[in-house]
2 protein chains.
Amino acid sequence: MAAATIKDVAREARVSVASVSRALNGGGGVTAATSARIHAAAERLQYIPHAAARMLITRRTHTIGALLPDLYGEFFSELIRGIDLAARACGLHLLVSSSHGGAAEAAAAVRSMQGRVDGLLILSERVDATFLRANLPKALPVVLLNSAVSGPAFHVLNIDNHGGAVAMVRHLLQAGHRSVALIAGPPGNFDASERERGYREAMAKHAPRAALTVVAGDFTEESGYRAGHELLARARRPRAVFAANDMMAVGCLAAFKDAGVRVPEDIALAGFDDIPIARYVTPALTTVRVRIADFGRLALERLADVVEHPGQESPSADTPGFEIVVRDTCGGTRPEENS
Amino acid sequence: MAAATIKDVAREARVSVASVSRALNGGGGVTAATSARIHAAAERLQYIPHAAARMLITRRTHTIGALLPDLYGEFFSELIRGIDLAARACGLHLLVSSSHGGAAEAAAAVRSMQGRVDGLLILSERVDATFLRANLPKALPVVLLNSAVSGPAFHVLNIDNHGGAVAMVRHLLQAGHRSVALIAGPPGNFDASERERGYREAMAKHAPRAALTVVAGDFTEESGYRAGHELLARARRPRAVFAANDMMAVGCLAAFKDAGVRVPEDIALAGFDDIPIARYVTPALTTVRVRIADFGRLALERLADVVEHPGQESPSADTPGFEIVVRDTCGGTRPEENS
DNA sequence: AGCCCGCGTGAAAACGTTTACGTTGGCGCC
DNA sequence: GGCGCCAACGTAAACGTTTTCACGCGGGCT
């Protein structure tokens, strides 16, 4: 038997479809008595409004789309978690679409989401302003995550890469380490460049006379391992190393272990992200934790706001908080761990 | 300017809307010439069919819903990844809905997905056969993941908990350890009970004279830690410990370390899941890896099949493969690591 | 030559909902 | 008591698509 429609409910409750719609959607204009009769009828028939029909007439899908490059690893797991939680809180559905390497794929994904979503959450390296303008109807609300595109045209939400890096480098310096080297992230990457900027800025401010040491990396464990060996081979070893993300720090730690260099006695080490593994390597990794789930939540709330009140003011620079999580790899004083 | 509709395209191409629909949906009955004209017009107007209208008339959403208990951690990250990949391959959208602790929440989630999806992928402890029958229109295709509900009524897809446990226990025994203890998972849990069943079966078969040792756990790191101490306090320490999941194994490892017990010299240890952390603890954890992404892929493909060909035969017992990943905690011979 | 078939096309119904607009009845007010 | 107004409710249009049906027409068959 096919699902009950609004007409069935109307017939059952001996009213018109209009009254059913009004009673069920709460928009007044219905006697308490009839409303009760309608609700009873709906309950009896197990009536569930047909979402598509409602979308069609309302032009609202109550769904937001999340466009991600790939959801491999803990970062995206946490991100989606935060987004999902917030979506549920806002009464919105979440349509995810990930794993598009190329711009063409991303374009196809965007296009296929047309009309299924009220707004779009986009986190992708490939996506820049021109791409967006080419592939998006400008009516569709969009919030960009961790994106280099700026300007008042789009809403952007970034992790505090810069602030976190500054805080960590300052922490290392204040722990007594004179020189801090950086293992950088991949060249084109926005997060990577922001973290490097933070490193340079903090060094310039708090250790203006120290030499800057930057070795290349690409956010992978292997690149961290290589970078670790490269640092050890240098004439003047740094006293501390700040890896632009945790995976590289883990690789670097392995390199130090293999070389018989003690951490943190011989050299201090810190990462960025606070992935779960950071807690379990030995010694446990000092890192900067960014509240990824909060990040996702903020992004969705912002998008929901834009969807609800279109044509509002230009983007505010909201960022989720971060914390320096001091564990065993950085030496110096060790405040309590904030779990 | 509002988005172009099929009528606009029809006017632009000087044909009727019916022909536009036919031309664009590929279902013959249109001259090559007119088809070309229609495609050109559609291109010119940037026409994108309105998804809701299509759903309404077609009764197909080209979307499948994934109902998960919570997407915290690597397991769900991988699972969604596999599902998403397969969904893209099948040309389906993915609507996720997670984080429903209670049955009431799950029911609400299911209800709100009504009409938005062609099928449902459900992974939830709370969901049993009666719940499903109460909350689902029986027309909606459903595939249950890792669920205890059996019978021909529903399609079920399970991880090979039993097989993995059997294989691991056998491996430990063949590595020369006489006695193997089990750190069990939470009592009501389906995965946990299946793994315990595998443990008992393998012990009965390969070490019928050995004593069975089972200590309680609940899949958390803390419970593993407690279990580790409990095992050490026993009069007769087992030679090997099989933890029903990796997190407990990690906790147990910490307990052994704290107690000065060497792994694997004094006691061997193995886990289940192969979470990323397993590789990074020292010594690296031997465990059984289940291909979670494959699991998600299989589940979605199965669901897509059911959606496409409804009323087919009862569920086949498809399960994703697993591998014993031998690392450093189990002693004995060490084959190559298969990464 | 007449007939029928099939192909290309158009008109219109249908999907289930919301909502603008009538229509009714009851009630207060003069 | 009549007039008008408001609340409650019904009617019907509209959303954008697919799909069924009918129509015209050209050509191959008998």
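Proteins come first, then strands; the chains are lettered A, B, ... in the order of their sequence lines, and each starts at number 1. Every value quoted in this text rests on a predicted model; they were computed, and no experiment measured them.
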* Where the side chain of S21(B) meets the backbone of S19(B), is there a donor-acceptor pair that is under 3.5 Å apart? -> no
* Asked: Is the side chain of S147(A) donor-acceptor paired with the backbone N or O of L144(A) at a distance under 3.5 Å, no angle test?
  -> no
* Between S35(A) (side chain) and A23(A) (backbone), is there a donor-acceptor pair under 3.5 Å? -> no
* **Check: K7(B) main-chain N/O paired with T5(B) side-chain donor or acceptor under 3.5 Å** => yes
* Asked: With distance as the sole test, does S97(B) use its side chain to make a donor-acceptor pair with the main-chain N or O of A109(B) at under 3.5 Å?
  -> no
* Asked: Is a side-chain donor-acceptor pair under 3.5 Å present for S98(B) with D84(A)?
  -> yes
* Candidate pair D118(A) and T63(A), rule side-chain contact (heavy atoms from CB on, under 4.5 Å), full reasoning -> CA-CA 6 Å; D118(A) 291 336; T63(A) 304; 5.8 Å; no
Could you list the protein-to-nucleotides 23-26 of chain D atom pairs, N/O on both sides, closer than 3.5 Å?
none

* Would you check if there is a donor-acceptor pair between the side chains of H93(A) and R116(A) at a distance under 3.5 Å? => no
* Closest heavy-atom contact between P186(B) and A192(B)? -> O-CB, 3.5 Å
* Asked: Can you tell me how far P of dG10(D) sits from CZ of R11(A), to the nearest Å?
  -> 14 Å
* Structure fact -> When the rotation axes relating C1' atoms of four end pairs to the next four are compared across the helix from dA1(C)-dT30(D) to dC30(C)-dG1(D), five pairs an end, they differ to 10° by 50°
* To do: Can you check each nucleotide of nucleotides 13-18 of chain C against protein heavy atoms at under 4.0 Å and return B for base, S for sugar-phosphate only, - for none, in 5' to 3' order?
  => -BBBBB
* For dT9(C), does OP1 or OP2 lie under 4.0 Å from any side-chain N or O of T31(B)? -> yes
* Distance check: side-chain N/O of S19(A) vs OP1/OP2 of dA8(D), anything under 4.0 Å? -> no
* If you look at every heavy atom in I292(B) and F75(B), which pair is closest and at what distance? -> CD1-CD1, 3.4 Å
